[in-house]
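Let me begin by presenting the structure, written as structure tokens, before commenting on it.
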Amino acid sequence: MPAVQETIDQVRLIDVDQYKYGFETEIEMDKAPKGLNEDIIRFISAKKNEPQWMLDWRLDAFERWKTQEEPTWARVDYPKIDFQDIHYYAAPRSTPGPTSLAEVDPELLRTYEKLGIPLREQEILAGVKKPGHEESEDGVLADTESLNVTGGRRVAVDAVFDSVSVVTTFKKELAKAGVIFCSISEAIREHPELVKKYLGSVVPASDNYYATLNSAVFTDGSFVFVPKGVRCPMELSTYFRINEKNTGQFERTLIIAEEGAYVSYLEGCTAPQRDENQLHAAVVELVALDDAEIKYSTVQNWYPGDAQGKGGIYNFVTKRGDCRGDRSKISWTQVETGSAITWKYPSCILRGDDSRGEFYSIAVSNGYQQIDSGTKMLHLGKNTSSRIISKGIAAGFSQNTYRGQVSAHRKATNARNFTQCDSLLIGDRCGAHTVPYIEAKNATTQFEHEATTSKISDDQKFYVMQRGIPEEEAIALIVNGFVKDVIQELPMEFAVEAQKLIGISLEGSVG
Amino acid sequence: MNMHVTPQHTPAEKALIDAFNARVADLPGDGMVTIKRDEAIDAIKAGLPTRHVEAWHYTDLRRLLTTVPAVSTSAPTVLEPLLAGSTVLRVSGGKTQDLPSAEGLSFIRLSDELAEGRGINALGPTDAADTIGAINTAFVTDGYGVEIAEGVELAAPLEMQNLHTGGQVHTRFGVNVGAGSKAVIVERQTGQASALASAITTLSVRDGAEVLYLIVQEQPEGSSHLGQFRATIGKDAKLTLFIMNAGGKLVRQEIVVDAAGDGCDFQLRGVNLLAGDTHTDVTMVLDHSSPNTGSREVIRNVVTDRAKGVFQGRINVHQIAQKTDAKMACNTLLLSDDADFSAKPELEIFADDVACGHGATVTDINEDHLFYLMARGVPEKAGRGLLVKAFLAEVIEELENEAVIEALEAKLDAWFVLHG
């Protein structure tokens, strides 16, 4: 996800549908044949040099997946997916291991260049080829610090390209603090005890159709472990990109914050412009033990399809955080502007006493996009609290649904929730929907829910335009005001990016 | 797991099917009516809805409907109307009684209509999730059709009573309110012993008419009540619907309203008094299908003992329905740790120039308010009662009709005597 502002201006020149990451990178790919069967799963597992227990876990998930049905309850409409017509594994051929930067294909580096990428990491990646730079033991440049400081904040990045994690930066410095940040494949090899303990403990292998599929075929993703009492010294970030045709991207992220630990994690996604739909089914699991805090931010900008609704990413994601310890906190912030279809409900299981869950969301849909997104807050422990702020903006011919559940268990005394979901409609061809489920089983529960739907008032628009601001910019300005509550929750460099992104996503929606 | 097989019938499903086979020959109507009934029972044979049917998400009818009593024929005692001086139409044990006469009103009996093959289009479930429509169509015996003439202001309220002494009762009311007319209509659903009741009401409020419609459901303990109220509101017309649920073991009250006329207005006020082991579900679907329409829905629930309450409300704003102003609120006081309440207030909006919103709260009595009262010498129990009553009375008082407010508050008091 670039925080580079110039790209914004370049983008305006690109295309009607304003998608700025619509290029593909031609590099040699190592692909599994199309289709899904046990052999493919064995192939993936072998490619990753996985231990037997991991393969067994995958095969078990695959067995269960075969018995499950595709869910149809979401308010999204798409032709049936042929799960046999997808490559379940694609890796850039030139990167034998996820950490060997020196041999990175120059095409790949150019990709990063076009992206402005990932969060200033362009410089590091480019640096690989500069003479005089030396690699440290763990394969990451030793002199990255000077290059990665922007405005006093540093970000460590794990980039996932199609199926494989190609680079993880800052590992050494993170290791000094005791933080493990690596690709999940590496974690399976290097830290099997942690992976075994936590993988599938929040999202069970057969949780739902797409999560089960992911469990069987996940190819890579990020792994973060923050030990007891450690405050992760920098923002962690993952960058996902689908590049190859007909591939699915199935990444798996696992973040564990031990007692008293803190970590903030950013996730960005893009994909090239293609006519056919591509599938993305990720699983993210967060575990927060006593007094730990995890902040997870996403800026999702997968290719949304063209102006006629052709192509785009099908984004079926299972994200769940488990506030396992007392006084733990998990906060989800998402800016959803991409994907043809989004099916995503980042949730919090408030198991520990006094734990807290938060969900801040901006979902912008334009063109023929369909978004069905929201959250689940399950209050199980005592004195738990949760907060949901959701802002949906629908334009063009899009459908934008908030679907959320807040429930208080019988024993969850003093559960508190505040939910606000607001929708903004731009144009009369789009739809905005709100479907909350509120379930209280305890008399000490205090749940408050409110939702509104409206359009940008002519008065507001007139006020802004009267000051010489063109209509489109006026709308962007008002929309940014509408989503301010959520933007404020994003890490600063993402906030700037997110505001621009919202402006771009809505372009062409007026007039 | 991924195979759809016809489920093994539950005892209730089996009892319904058996009851149908035993009674179908005696039910009014033949020809097309019988075909409709057969189709309806087929829908029941396919299985009562479970929570996997979204419209029944919180009321798993297949699991909850456990008793289907045999038909009872004894006649219930007379019930005094809610509002003094009302014109009363009585259905007793599923049979219509003598027709009253009142100016501007004309009546027909549904049994006569069915016997002559009329009114068939109104029969049948409206969609796959309309189980109430299916059960009622299969078994409906009688009911009234009421026509209120154009431009009439009814001098006396009209009360339609559906009384029974247990068993099964399946009835229908259909009311047309002529253009520009004004009416207060009361619908009572009650009896003397536990029963399975299905009751469908269709109301047409024609252009410029104004109707206050009250549904008071006080089914005896152990009863299953499946109610459905369907209304269409014409141009510049106004419908205020008030529902009170204060009885029954398994209650599902569906409200389906189409705000179809330009500039029309719909108001819903609801009070659900849930105690004991009741499971009460109020499900509303409101369509705004014309421009410049307005609606407000306020539902207040008090849930105590082991009761379970459900409110599902969906507002659909059609693309044509610009300038819709729709607001929905559902407030619940949860007074017991064994009670629970679930709410699903939905908005489905396809028009952009609208102002829509909903709010839902679930909480216990505010301790500060209670403290305020207790500091002034009000004992705790009385203080709680006062606060609960104030919470409910607020919506009743919005009805702006003295006689109605008084009668409903008397109902509240009676409930508090039993459950306070």
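Note on naming: letters A, B, ... go to the chains in the order of the sequence lines (proteins, then strands), and numbering restarts at 1 for each one. Keep in mind that what you see is a predicted model, and the values were worked out from it rather than measured. What you see below is based on every heavy atom in this structure, not just the backbone, and it leaves out hydrogens, waters and symmetry mates.
- Within 6.0 Å of the CZ atom in R64(A), the count of heavy atoms belonging to other residues, nucleotides or ligands does not exceed 12.
- Of the listed residues (V303(B), I365(B), L347(B), T304(B)), the greatest number of heavy-atom pairs within a distance under 4.5 Å of chain A belongs to L347(B).
- In this structure, chain A has a heavy atom under 4.5 Å from the side chain of Q319(B), while its backbone stays farther away.
- The structure places CD1 of I349(B) at 10.5 Å from SG of C430(A), a figure rounded to the nearest 0.5 Å.
- Atom CD of E54(B) and atom OG1 of T72(A) lie 10.0 Å apart (nearest 0.5 Å).
- Neither the backbone nor the side chain of Q420(A) comes within contact range of chain B; no heavy atom of the residue lies under 4.5 Å from a heavy atom of that chain.
- The environment of K323(B) atom NZ is sparse: at most 12 non-hydrogen atoms of other residues, nucleotides or ligands sit within 6.0 angstrom.
- With a threshold of 4.5 angstrom between heavy atoms, R75(A) approaches chain B through side-chain atoms but not through N, CA, C or O.
- Within 6.0 Å of OH in Y78(A) there are more than 12 heavy atoms belonging to other residues, nucleotides or ligands.
- Q322(B) touches chain A through its side chain: at least one heavy atom from C-beta onward sits under 4.5 Å away, while N, CA, C and O do not.
- Contact of K308(B) with chain A is made through the side chain alone, with heavy-atom distances under 4.5 Å.
- The minimum heavy-atom distance linking P345(B) with P436(A) is given by the pair O-CD, 2.7 Å.
- Taken to the nearest 0.5 Å, the CG atom of D428(A) stands 14.5 Å off from the NE2 atom of H318(B).
- Residue A360(B) touches chain A through both its backbone and its side chain, counting heavy-atom pairs closer than 4.5 Å.
- Of the listed residues (H358(B), H57(B), Q312(B)), the greatest number of heavy-atom pairs within a distance under 4.5 Å of chain A belongs to H358(B).
- Proximity to chain A (any heavy atom under 4.5 Å) is restricted, for A339(B), to the backbone atoms N, CA, C and O.
- For the pair E346(B) (side chain) and H433(A) (backbone), a donor-acceptor distance under 3.5 Å is absent.
- Highest contact tally toward chain A, considering only L334(B), D340(B), D352(B), is held by D352(B) [criterion: heavy-atom pairs under 4.5 Å].
- Considering only heavy atoms from C-beta on, T363(B) stays 4.5 Å or farther from E448(A) through its side chain.
- A side-chain donor-acceptor contact under 3.5 Å links D337(B) to the backbone of A443(A).
- The two residues A440(A) and V362(B) make their nearest non-hydrogen contact at CB-CG1, 3.5 Å.
- No other option in E450(A), K411(A), R410(A) has as many heavy-atom pairs under 4.5 Å with chain B as R410(A).
- Neither the backbone nor the side chain of H52(B) comes within less than 4.5 Å of any heavy atom of chain A.
- One finds the CZ atom of R403(A) at 8.5 Å from the NZ atom of K344(B) (value rounded to the nearest 0.5 Å).
- Only the side chain of Y58(B) comes within contact range of chain A, judged by heavy atoms closer than 4.5 Å.
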